[in-house]
Amino acid sequence: TKTFSTIAQKLVRGDASLQTMRDIAGVRIKAEVSLGQQDRIVAVLQERLSEGRVIDRRRDPRSGYRALHLAIKYEGIPVEIQVRTSLQHVWAETYERVADRVGRDIRYGRPVPDGNVQAQRVVDLLQALSLNEIATIENREERNATNPISRLRYQRAQRRLETQVA
């Protein structure tokens, strides 16, 4: 749920009005899932709730932020359901902590205030990490999960590991 302060900041920035703000309330689902499983979770939610608009921040990231969102209305109140993979969640939480220290506006693509070059480098590195490295890892895992040979190799390796641990 957004705090009064966060809602006020969003209104002052002009990013939304109360009528168009879709995340006054929210729910976050974080799971150890592949991108395909993430898609299925959102599809099931959309089907069960009989409504909702999917916002795919994996295809259209914001300042490095990647996840799936489902915007719904519950009893007339806009609610946003965020569905994140574990990697997306760790990245987003890290970015939030950096934003708390260097300026919340970095979350909206604005530069670090006061021209702090070192802080801006950190922000740029985090964004590149999400858009390049984490996205690549997740896409590779997705391809491997759907490839029967890769899946078989993974299962064999996992059985060997379980045998060694036991």
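In what follows, residues are counted from 1 in the order of the sequence shown. Side chains are part of it too, since the values below use all heavy atoms of this structure and drop only hydrogens, waters and symmetry mates.
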Subject >> Any side-chain heavy-atom pair of Tyr65 and Arg84 under 4.5 Å >> reply: yes
Original post:
Same hydrophobic cluster for Val54 and Leu49, using side-chain heavy-atom links shorter than 4.5 Å among ILVMFWY?
Top reply: yes
Subject >> Residue pair Gly52 / Gln46: nearest heavy atoms and the distance that separates them >> reply: O-NE2, 2.7 Å
Original post:
So how far is it from Glu138 CD to Arg140 CZ, rounded to the nearest 0.5 Å?
Top reply: 11.5 Å
Original post:
Are the side chains of Asn139 and Arg58 in touch, meaning some heavy atoms are under 4.5 Å apart?
Top reply: no
Original post:
Do Ile134 and Leu68 belong to the same hydrophobic cluster, where Ile, Leu, Val, Met, Phe, Trp and Tyr are linked whenever their side-chain heavy atoms lie under 4.5 Å apart, directly or via other members?
Top reply: no
Original post:
How far apart are the closest heavy atoms of Trp91 and Leu129, and which atoms are they?
Top reply: CD1-CD2, 4.2 Å
**OP:** Consider only side-chain N and O atoms of Gln88 and Arg57, and report whether a donor and an acceptor are under 3.5 Å apart.
**Re:** no
**OP:** Report the C-alpha separation of Glu93 and Arg28 in whole Å, then their side-chain angles, then the decisive distance to 0.1 Å, and conclude whether the salt bridge (Lys or Arg N to Asp or Glu O under 4.0 Å) test is met.
**Re:** CA-CA 12 Å; Glu93 290 294 310; Arg28 179 174 301 138; 3.5 Å; yes
**OP:** Identify the heavy atoms of Glu51 and Lys73 that sit nearest to each other, and give their distance.
**Re:** OE2-O, 3.0 Å
Original post:
Does Val33 belong to the same Ile/Leu/Val/Met/Phe/Trp/Tyr cluster as Ile29, with side-chain heavy atoms less than 4.5 Å apart forming each link?
Top reply: yes
Subject >> Check: Asp124/Gln120 side-chain N/O donor and acceptor closer than 3.5 Å >> reply: yes
Subject >> Other residues, nucleotides, ligands: >12 heavy atoms within 6.0 Å of Asp114 CG >> reply: no
**OP:** Over all heavy atoms of both residues, which pair between Ala67 and Val83 is shortest? Give the atoms and the distance, please.
**Re:** CB-O, 3.7 Å
Subject >> Between CD1 on residue Ile72 and CD on residue Glu80, distance to nearest 0.5 Å >> reply: 10.5 Å
Subject >> Approximate separation, where rounding is to 0.5 Å, of Asp100 CG and Arg104 CZ >> reply: 4.5 Å
Original post:
Tyr95, Ile137: one ILVMFWY side-chain cluster at the under-4.5 Å cut-off?
Top reply: yes
Original post:
If you round to the nearest 0.5 Å, how far is OG of Ser63 from CZ of Arg107?
Top reply: 9.5 Å
Subject >> Gap separating the OG1 atom of Thr136 from the CG atom of Leu131, nearest 0.5 angstrom >> reply: 10.0 Å
Original post:
So does Arg97 have more than 12 non-hydrogen atoms from other groups sitting under 6.0 Å from CZ?
Top reply: yes
**OP:** Would you check if Val122 and Val102 make a side-chain contact, meaning some heavy-atom pair closer than 4.5 Å?
**Re:** no
Original post:
Is there a donor in the side chain of Glu141 and an acceptor in the side chain of Ser34, or the other way round, less than 3.5 Å apart?
Top reply: no
Original post:
Can Ile41 be reached from Tyr74 by stepping across I, L, V, M, F, W or Y side chains whose heavy atoms are under 4.5 Å apart?
Top reply: yes
**OP:** Find the distance between CG (Leu126) and CD1 (Ile106) and round it off to the nearest 0.5 Å.
**Re:** 7.5 Å
Original post:
Is there a donor-acceptor pair under 3.5 Å between the side chain of Glu142 and the backbone N or O of Gly36?
Top reply: yes
**OP:** Compare all side-chain heavy atoms of Thr94 with those of Val90 and state whether any distance is below 4.5 angstrom.
**Re:** yes
